Each structure stands twice: as structure tokens, then as C-alpha cells.
There are 2 protein chains.
Amino acid sequence: MNQPKIKHALPVKRDEDFAQWYQAVIAEAELAEESGVRGCMVIKPWGYGIWERIQKLMDARIKEAGVENCYFPLFIPLSYFAKEADHVEGFAKEMAVVTHHRLVSDPKGGLMPDPEAKLEEPLVVRPTSETVIGAAMARWVQSWRDLPLLTNQWANVVRWEMRTRMFLRTSEFLWQEGHTAHADEADAMEETLRALEMYRSFAQDVLALPVIAGPKPENERFPGAVATYSIEAMMQDGKALQAGTSHYLGTTFSQAAGIRYQDKDGQQTLCHTTSWGVSTRLIGGVIMTHGDDDGLRTPPQVAPHQIVILPMLRDNEGDEALLAYCEDLRKALAKLSVFDEKVRVLLDKRPGKATAKRWAWVKKGVPLILEIGGRDAENGQVSAVRRDRLWREDGKVNFVGQAKDDFVANAVAELESIQAALFAEAAARRDAQIERGVTDLDGLAAYFAEDRKFPGWVELGWSRPTGAALDKVVEQLKALKLTIRNTPLDAPVPSGTCPFTGEPAVETILIARAY
Amino acid sequence: MNQPKIKHALPVKRDEDFAQWYQAVIAEAELAEESGVRGCMVIKPWGYGIWERIQKLMDARIKEAGVENCYFPLFIPLSYFAKEADHVEGFAKEMAVVTHHRLVSDPKGGLMPDPEAKLEEPLVVRPTSETVIGAAMARWVQSWRDLPLLTNQWANVVRWEMRTRMFLRTSEFLWQEGHTAHADEADAMEETLRALEMYRSFAQDVLALPVIAGPKPENERFPGAVATYSIEAMMQDGKALQAGTSHYLGTTFSQAAGIRYQDKDGQQTLCHTTSWGVSTRLIGGVIMTHGDDDGLRTPPQVAPHQIVILPMLRDNEGDEALLAYCEDLRKALAKLSVFDEKVRVLLDKRPGKATAKRWAWVKKGVPLILEIGGRDAENGQVSAVRRDRLWREDGKVNFVGQAKDDFVANAVAELESIQAALFAEAAARRDAQIERGVTDLDGLAAYFAEDRKFPGWVELGWSRPTGAALDKVVEQLKALKLTIRNTPLDAPVPSGTCPFTGEPAVETILIARAY
């Protein structure tokens, strides 16, 4: 028996070349493109629309926690960086440096920086804002009454990257960075974990990304941090994506910037600070988790349009009645609420072939796509397809005809169902690809063998080595192109022996290839 | 009879020193502060909250017009700028230039740009994005079917300013920049005027700023523009503030970037483009229009909190009932809608003296401030003051006691009334300060004489000179520290003679000192 042949919309399939497929989704779904400026991308309306959704829903959670938005300078004087040695060590290799403030004509033609307009102190384009926000905190915090100080900013940052990949690693990217100051370690650690949990639940509930939250090993900490926590998501090629981080910074930046408060006993005391962020990288995670061979499948919570109505226009006198029917349908759907917001529905009246328009929305991943013909309008019908169930077994697109009123009555449940289905599918795939049977280095190497396509993650117990012993583990893993992702917060205390040190295992770690 | 003495909240009054007063409002209302980074400010929660309100309401209008948000690179290669001579001439003097992508230790101590990490082509930090968006448009526009192309971005931009003033002129500022491409001049001009009208009505309806919209004279055009339109607002010191601009760019940037389309006859044709923007400067306009000697008066449409409830806590057993009463009141108010959104109400439970907290909110300009004592709670009363009617004639704060239910029933009307009152006050002041009786240069000089405090604007007819004749007018005005603001769109055709050229007047212009 011949399997019916499905003609997928993308020029390359996930299992043919995952990296090429990823680029194809971004291009075909019109999410972003190379800008012509080294390492910087242009985020196109559909991609930026997803980011706006992420911003809106994350910002509500940030504000709900009592954190206030501010805006801090793009430029950071060199001297601010020089104050914090670990921090500059971690970032100095990848920063854009402003040295001049004017251009002049170049005698050789074109323009050049004006030698007479050289800055006395070069400025760094922020790669992250601990130093410049620390300087503000030092001004703002005087007394224990000023604490905790909870700030956040939505901003662009620049880290000079040699190899870039859209959304995942670009020289400029967009993010939010929370920065908080506290009276003591306990309060700062509580905030660090609050932000981590905010990210975990956001990834799960909004982006339908199953993630594992936990502290990173000391070699993977943010430059200057005492502890770094991450959420890690598994992509469809089995690799890990660090999708958000939350740092307990101890007094590192308080010391560098002089963030001190007078405590209740009148003593000048250093604050304990935190920082935490998520970025446009999340969109890369959504693509590599929910995309399929027909493009993106956008989770309903972040889809700029949750429902698109396509009238099958014929450029004849029947179009008017058809459009009126579709507009009625649009209005009925737009009145509904899902996930505590109005349903976002678009009636796509643009000229052009209905099939071409259909595939454009399929590739963008609109959760529900409706095609309405003249006969549907006459009969009070709609024809709808769920993006997560695009194909029938016979290789045809899975459009289902139903009465318009039934569709409207069921639309909210359908969107909720799609959101839940995307999460369930990703969680099942992730869970099936966590290997817990590895007990030694040979087993680890075998699991990640070169000829094995899309291995997942290995979860194992280790003895939590530090210093030189940890360095050795990191080297052994690096030879296999592996890294330790984190120590899952809810993992049980392991039994057995650490495969790296032979000592008793004391905690569970996740090992993976990673983006 | 002695006038009762009002003790205003600011250390300096408007009529003592307007510039100092402006700085005092920004400091005392905690809107922003100097960052320590040259020319860059830190926007604090209240100031950023106002910006978030502006963003939200402007973004809705932008989207309503069918314009889609994108994000374009922060960095612009030098070669992009070199393509458009007028444009670079206008901006080259004030741009931040990135020349290196790494830091190393300086042998003299500290850090320095790594000489081995010099960029082959320096990058400019965008002062505006016509060139880099033009390059994207050239990729996106192929056929007449792709037009109009309507894009916008919310972004930070950098113009190196020698003399900076918070919100009005900072090296880095936040803005939105709309960029559109059209098939012909008529369509592009329609978009230019649509954006202008969007800004005019936004300034009036949302910010309560009366503004005058019209084209700028050719010497005041945006670098590279064929026509520049502005909205001009009058500050309380009589100076003009350009509060938004909209540019018809002709084919200037299409030629430079190659934005061409195949028209219906198959011909390759240059697009006509526009750009338009408003920035954090609007907040400076709100301060200098609505501020008084007690701080800011924030228009209800953009106030982060429209109503603040201050319980008069006594740290005793009565506090619990008082807080419960206030929480009930908060809930009742939060259910109301004004200006098509939920009322934004804060119950300020922080510890601290009620009077100190009152004055902090007065200085921030919260439209309605409520103080609730234990007796109010017992009697079902509230005591409320409108920020725009802060003082009684006897020099006391104008708190009015009323039944709680009456206050709730009337709160929406009160907020609408405050919004309208701020606009009416500003419009009356502006209208009274437009002088239409000037007929010659001596009259102009007399109106703006050095010893005259806070002159307004002069509206007069001129002969619309161009080229060298215009240059001469500009020089004459410059000697009086004056500029031509714009040609009001709705001004009548003047009679009489142009005071500059002696020729018959053909159009009406506004002349003013300006920020």
C-alpha cells in the first residue's frame, strides 16, 4: 500500500537538515531576515508581533510582582566596567565600542570618524546593564526603607558575536532585564527564585514550552554572579536551549557601584542584588519546539492573529455577500474572550489567490484558518483547519466543514485545546528523550555518538566537583560537544557513583548539546 | 488685605526661573535624572510610566492605520549614510560611531578598545533609520501589489548633543519612527498628512496639548525631505516646542536605497516614501504645559495612576478597618472605565507620614488624590482633591469631603473633567499669547524685546521667499533668537505686505523662540 504523499510547505524537512529547516521557517513565515548589517537582523511584522505578545504578557507578570519599569542608558563608560573584574572578563571579548561622536568626509572618498571628535572615555554599547543600573541604585538606595528596590527595563543589547543565528545568537537583541537590590541574601535569593518561577510558568503556560528549571554549575555562571539559575527547553533536534536566566549576584555589583543602605541599627550595609532576563531568543525556542515541515505553529497565547478568515473571492457579484458573511463571522469571533483577552481574528480581504494566502498563514502558524466560499455563506457554514492537525491521513488538508454558529460556540475551546496540545506534544517528546540509564563516560559517549541523529538529554547523578576537578569534567564534556545545563530543582537526590569522579553522586544534572 | 500665603511644593516657581523650575519638576516628580553617562538620562518609574501610556495609546492609533511594527538594526554602516548626501550633511555632526568590537587591558591601567579588533567599516548608532529601513524596503518591494508598505518601529536613537536638557534634548532618546513607501506622490503625501493629523489629535486628546499643525519652511526641513510638517505646542514660558514631525521624502531615499516597484504597465518605478516620529520629548511638553508651582499635573489619559488613595494610618488597631474600607473603595473605582479603559487606581499602603506621601503624589501630578481617615471610614466618607484645583482661596489644600458612593458615582466624570480642564487652560493661555498685530521688523523686535518676560508667538503674513532671500530672513530672525515654526494648515490667506521682503504676503507663518 502506498502511503499518501503529503506535499509539505517548506523546501526542507526537519529530519533532512534541522539548521536549514530553521532558516526556512524564519524566511517562509516571514519572521525575520538578515539585515545586511553584520550580526543584526530585521524582525518582520509576524516575528515582531509574537515579541509584542511576549512583552505584553511578561510585562504584566513583572508588574504584578511589584517591579517597576525604568529606562537606563544605552552607553556604559569604560570605567564602569573596569570596576568589576569578573564581569568585564566575561563580556570584554564581545562588546561594541563607541570611540567618536562625529563623521567627516574621508579624503579617499566616503565618510570616516572625525579624528577631532574622539571621545575622552570610550563608551560601550550595553551588553547587559548591571554596572549602569548599579550606579543608579547607589544613588537611590539610602535606607532599609528603600528596599527591596525592584526595577526592570525592556531594551536592546549588543554582544559582538562571531557566529550568529537569527533569534538565537545575534549581535543585537531585544530583552527585558530585571535588576533588584535587597537587604540580605535571603531576600535576594527569594527574588532570584521568584523570577525563575515566573519564567518557568511563562514558558509553559504562554509559550507551551516545557522547561526544566534549576541552578547552573559554577563554570556556567553569569560573569560576576554567585549563583545562576536557568530554564532549559529541549528543541526538536534534541539540543537544549537556555530560555531564561536568573542570577543571585551577592554583593559583587554592590561593592563595585557602592550600593549601600543604612540598616535599622544605623549601620552602612552592602545590598545583595539580582538580575534576570529573557530575550527574543524565546522566539527561536518557539520555532524549534513547535515548528513542523509546513512552517511555524504559533501557540494561540502569542499568535498575533489567532484566527484568520479567508474568503474565496471570485471577483464577481457574489463577493459582496461573501464578504458580508465573513465580516459577520469576524465580529462574532472578535467578541469572544480566550486566556482573559479578546480573541484576535483577522479577515484577510487582500486580493490574491485563496490557496496562496492559505499557505502563507499556514507557514506563519495561525492556530485556526478558515476558508469561506460562496456556498458556505449561503448555507451558514464554515470550513476550518487547526494548524496543529493540518493533514488528513489521505494527504489532504484537514479542513472540516461545520455550521457557523457551532464553530463560533466552540472557537474558544478550540484555541485552548491547540495551546494545550502543543504543550502536551512537546512535553511528551521531551520526556521520551531524557535518558536516565547512563552510568559511565562510555555510556555517555555512546548516547551522543556522532552517527546518532537528534539525541536528547542525559540526566545523571554526579559528585558536584568544584575548581580543578570541575574544570576536568568540563573538558571531558567539551570533547563530546556537551555541556551541563543545570541541576533540575525537583530532581531526586541520586544514588550511585559520579561517572566523572567515581565519588558518590550527590545531585542530579542534565547534560546536553546546546544552542 | 493680605493675600493668603500658599506654600507651594517646589523650591522654585515658574516665574522666578523657568529652566530651574523645569529641572525641579523632573527631580521632585521623580520623572528622570542625569545618569552619569554624558547626555543620557535615566527615566524613572513615574516618567517611564507616562511613556508607556503614550506608547500604548499611540501604538493603537498606528496599528489602526494599518501600519505594522518591525524592528531594524541599531547600527548603520557608514556606506549607507554616504549614499544620501543631504541626509548625512544634516546628521553627520552628531552621531556616535562604533569603531571596535572588543576591549583589552590598557597598559596604563583600566581598559581600552582592542587595536586588533578594529571594524573594517565603522558603524553609526542610528540617529534615525531612513537609510537602514530603505535598504529593507528595497528588498521587500517588488510590485505595485506590495504598496503601500507601512512600517513603524519603537526604538532608541542617538544624536550627539553638546547641550542637553532632560526629555527635550538628550543624546539618547526613545521614539517611534514610521516609515512608509508608496506608488506615487499623492499617496505618500496623503500618508504624510494622515500621520500629522494622528499626532495633532493625539497631542490634543491624549496629552491635552493644544498644537498647531503645518508645513515647515524649507530651511527647517528634515535632512533629505521634500516637505516637513510639524505640530508646535506653546510652553508656559511662551516658547514653541516641536512635538512631532511628519516628512514627505519624495524619491530621495528610494533613489539612494533603490526602492523600486514594477507598476501595472511593467515599468520599474521609484517609490515615494515618508517618515514620521514622536519621542520622549512629548513628556517635556507635558511638563512645560501642565506643570505648576507644585509639580506636574499629569493628564488623566497618561497618568500611570489616575487616583491614589492614602489611608491615614495610625499604627493602631483602627488601621485594619481603615484599610478594609480603602480596599473596598479601590475595588469599586477599579471596576469603572474611563477613556475606554479601566480606571487606574492605587491604594498606597506604604508606611510613612500621610502628608509626606500626599505631597509626593501632588508633585507627580496624580489627577485625584484621596485621603481617608478613620472617621471617614466610619462615616462612609472620602476626602478628595483634584490636582488641577489644588488650593482654596484661603491657602489651604482644596480637599472636599463627600459620601463615598457619591465620589465613586462621579469619579469618571471628574477624570474627564480634569482632562478637559487641562486642555482648556492650555488652549486659552496659548490663544491669548499669539500676537497678530505685528506688521514690520521693528514690531517683531519689540514684541520679543529682551526685557519682556515670556512673550508668546507672532503670527504674520509673508511672501514665502526661497533660496538666498529665505536665508536672509532666517539670519534676521536668528539675530532676534527667533525661528519660523510652521505655516498653520488652517490659517487664512493673509492680506498686507511681507515684513521681510516688502512683497505681498501670500501665506501665514508662526514665529517664536523655541526649544
Side-chain angles (χ1 to χ4, degrees), chain A residues 33 35-38 40-45 47-49 51-52 68-79 81-82 88 92-104 109-113 117 122-125 132 135-136 139 145 151 153 155-156 158 160 171-172 174 351-352, chain B residues 33 35-38 40-45 48-49 51-52 68-79 81-82 88 92-104 109-114 117 122-125 132 135-136 139 145 151 153 155-156 158 160 171-172 174 351-352:
Chain A
E33 67 183 27
S35 66
V37 182
R38 204 199 145 288
C40 296
M41 62 180 176
V42 173
I43 309 181
K44 298 175 81 171
Y48 197 78
W51 181 240
E52 287 182 314
E68 295 187 301
N69 284 343
C70 298
Y71 188 77
F72 296 92
L74 173 67
F75 297 133
I76 304 181
L78 272 197
S79 57
F81 264 92
V88 77
K93 290 187 180 142
E94 38 175 349
M95 297 198 283
V97 191
V98 176
T99 55
H100 294 72
H101 64 83
R102 192 188 305 137
L103 298 176
V104 288
L111 296 163
M112 63 179 211
L123 297 170
V124 170
V125 181
V132 73
R139 295 191 298 271
R145 290 182 194 84
T151 68
Q153 78 171 348
N156 53 346
V158 172
W160 209 261
S171 290
E172 182 190 13
L174 305 180
Chain B
E33 66 183 27
S35 66
V37 182
R38 205 198 144 290
C40 297
M41 63 178 174
V42 173
I43 309 181
K44 299 175 80 171
Y48 197 78
W51 180 241
E52 287 182 314
E68 296 188 300
N69 284 342
C70 298
Y71 188 77
F72 296 92
L74 173 68
F75 297 133
I76 303 180
L78 271 198
S79 57
F81 264 92
V88 77
K93 290 188 179 140
E94 39 175 348
M95 296 199 283
V97 191
V98 176
T99 54
H100 294 72
H101 65 82
R102 194 188 304 140
L103 298 176
V104 288
L111 296 162
M112 63 178 211
D114 185 348
L123 297 171
V124 169
V125 180
V132 72
R139 297 191 297 270
R145 289 182 194 85
T151 68
Q153 78 172 347
N156 54 345
V158 171
W160 209 261
S171 290
E172 182 190 14
L174 305 180

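The figures that follow rest on heavy atoms only: side chains count, while hydrogens, waters and symmetry mates do not. No experiment lies behind these values; they were computed from the predicted model shown. First the proteins, then the strands, lettered A, B, ... as listed; each starts at 1.
- Contacts between A:Q153 and chain B at a heavy-atom distance below 4.5 Å are absent for every atom of the residue.
- Atom CZ of residue B:F81 and atom CG of residue A:L103 lie 8.0 Å apart, to the nearest 0.5 angstrom.
- Taking CG of B:N156 as the start and CG of A:N156 as the end, the distance is 4.0 Å to the nearest 0.5 Å.
- Between chain A and the options B:A82, B:S35, B:A155, the largest number of non-hydrogen pairs under 4.5 Å is found for B:S35.
- Looking at heavy atoms from C-beta onward, B:V37 lies in side-chain contact with A:P77 at the 4.5 angstrom threshold.
- Note on B:E68, B:H100, B:M41: by heavy-atom pairs under 4.5 Å with chain A, the leading option is B:H100.
- Contact annotation: the side chain of B:W51 never approaches that of A:N69 to less than 4.5 Å [non-hydrogen atoms, C-beta and beyond].
- Put simply, the side chain of B:E172 never gets that close to the backbone of A:P73: no donor and acceptor are under 3.5 Å apart.
- Between A:E33 and B:R139, at least one side-chain nitrogen of the basic residue sits less than 4.0 Å from a carboxylate oxygen of the acidic one, meeting the salt-bridge criterion.
- Interface residue B:A96: backbone and side-chain heavy atoms are both found under 4.5 Å from chain A.
- Counting heavy-atom pairs closer than 4.5 Å to chain B, the top residue among A:V132, A:T99, A:T151 is A:T99.
- Between chain B and the residues A:P113, A:G47, A:G110, A:A117, the largest count of heavy-atom pairs under 4.5 Å involves A:P113.
- In plain terms, the two heavy atoms of A:L78 and B:L111 that are nearest each other are CD1-O, 3.3 Å.
- Contact count versus chain A (heavy atoms, under 4.5 Å) is highest, among B:L174, B:I76, B:L123, B:V125, for B:L174.
- The aromatic rings of B:H101 and A:W160 sit parallel to each other, their planes meeting at less than 30°, with 60° as the upper class boundary.
- With chain A as the partner, the residue from B:C40, B:P45, B:A136 showing the most heavy-atom pairs under 4.5 Å is B:P45.
- Put simply, the side chain of B:V42 does not reach to within 4.5 Å of the side chain of A:Y71, judged on heavy atoms.
- You'll find the side chain of A:I43 stays beyond 4.5 Å of the side chain of B:F72, heavy atoms only.
- Counting heavy atoms from C-beta outward, A:V98 and B:V97 have side chains that stay 4.5 Å or more apart.
- To the nearest 0.5 Å, the span separating CZ on A:R102 from CD on B:E94 amounts to 10.5 Å.
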